[in-house]
There are 2 protein chains.
Amino acid sequence: MEKAFRALASTPRRRILNHLAGGPMTVGEIAEQFDMAMPSISKHLSVLHDAGLVHQQKRGQHIIYSIAADNLANNLYAFLTPFCPEARKLSAERKKAREGVPERSDDE
Amino acid sequence: MEKAFRALASTPRRRILNHLAGGPMTVGEIAEQFDMAMPSISKHLSVLHDAGLVHQQKRGQHIIYSIAADNLANNLYAFLTPFCPEARKLSAERKKAREGVPERSDDE
DNA sequence: CTTTTCCATAGATACTTTCCTAATTAGGAA
DNA sequence: TTCCTAATTAGGAAAGTATCTATGGAAAAG
């Protein structure tokens, strides 16, 4: 959770996540949208990946990044639970909703 | 929201929030629980307050801090909404739950 | 094999954060 | 006023972060 919060404490990284909400895309496609050198984007993506907030998938020459919405939500809900009981309820609801949905995601 | 995430990207600050979940308390009471000088605690609390995550209330010589659970939750839910629709639903539920509860909090 | 494309890593520099001790402000009591 | 306690502010050292340019390496194309 530590890593997740540190990763989210950066406007460029949150903007990258929002951009990724539109669907999986390559580093180059992401970099086009930001006024920042590609190595910087790459670094931000590696931070997000290290925090488990995005998935990585090699596809030939390209690397496709996609958002890890579940991990994102679970981290924040887990943090919120001590402060507001509703978070616990929603967390259970999310868990139930995922049952029966095998969805084996291909990370790395 | 920027301030909220930056404030939360610190283990000591998240621990302080968890401690505050037990109820309002003074800076000194908080500082007793942490192996850190009081000025450091004070600084962390000012960061949390600047981010709107805690309330401050002067009480004579003491300053009582308490958690601002609503702002905390609203920030995180607002961030999550683009990624998972359930967050929007819960956000509405929380809002509805607050209706009819005037609760004018005394900040500053 | 050579070139091009896509991305990551390395190194440099500037900036920010975190923590301490010491000093300061402010309130309450003698 | 004077003293004591509570909390913040100030100053500085050390560590971390962000960004750039330059370089490296793997996959596809020529």
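These figures come from a predicted structure and were not determined experimentally. The analysis underlying the following values was restricted to heavy atoms, covering all of them including side chains, and did not include hydrogens, waters or symmetry mates. Residue numbers begin at 1 in each chain, while the letters A, B, ... track the order of the sequences.
Taking each heavy atom of A:Ala69 and B:Phe83 in turn, the nearest pair found is CB-O, 4.1 Å. The shortest heavy-atom contact between B:His44 and B:Ser10 is CE1-OG, 4.1 Å.
In the helix from C:dC7-D:dG24 to C:dA30-D:dT1, the rotation axis of the first five pairs and that of the last five pairs differ in direction by 30°, rounded to 10 degrees.
The stretch residues 4-13 of chain A does not touch DNA chain C, since none of its heavy atoms comes less than 4.0 Å from the strand.
Side-chain atoms of A:Asp50 do not come within 3.5 Å of backbone N or O of A:Ser46 as any donor-acceptor pair. Between the side chain of A:Asn75 and the main chain of A:Asn71, a donor-acceptor pair closer than 3.5 Å is present.
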Where along nucleotides 4-15 of chain D does protein come under 4.0 Å, by heavy atom, of base (B) or sugar-phosphate alone (S), with - for untouched nucleotides? -BSBBB------
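In this structure, A:Leu8 and B:Phe79 have side chains that are in contact, with non-hydrogen atoms separated by less than 4.5 Å.
Rounded to whole angstrom, the span from the CG atom of A:Leu48 across to the P atom of D:dA18 amounts to 11 Å. The CZ atom of B:Phe34 sits 16 Å away from the C1' atom of C:dT18 (whole-angstrom rounding). To the nearest angstrom, P of C:dA8 lies 9 Å from CD1 of A:Ile30. In this structure, the CG atom of B:Asp50 is 15 Å from the C1' atom of C:dT17, given to the nearest Å. When rounded to the nearest whole Å, the span between CG of B:Asp35 and C1' of C:dC19 equals 12 Å. Put simply, CD1 on A:Ile16 is 12 Å from C1' on D:dA18, counting in whole angstrom units.
Follow the hydrophobic side-chain contacts under 4.5 Å out from A:Leu72 and you reach A:Met25 in the same cluster. Connection of A:Met38 to A:Phe34 is established within a shared hydrophobic cluster, with ILVMFWY side chains joined at heavy-atom distances below 4.5 Å, either directly or through further cluster members. B:Leu53 and B:Ile64 sit in two unconnected hydrophobic clusters of ILVMFWY residues. Membership requires side-chain heavy atoms under 4.5 Å apart, directly or through other members. Under the 4.5 Å side-chain heavy-atom criterion for grouping Ile, Leu, Val, Met, Phe, Trp and Tyr, B:Ile63 is connected to B:Ile67 within one hydrophobic cluster. Both B:Leu45 and B:Met36 are assigned to one and the same hydrophobic cluster, defined by single-linkage of ILVMFWY side chains at heavy-atom distances under 4.5 Å.
At the phosphate of C:dC19, OP1 or OP2 sits under 4.0 Å from a side-chain N or O atom of B:His44.
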Stepwise, does the side chain to side chain contact (heavy atoms under 4.5 Å, CB included) test hold for B:Tyr65 with B:Gln56? CA-CA 5 Å; B:Tyr65 281 90; B:Gln56 236 178 19; 2.6 Å; yes
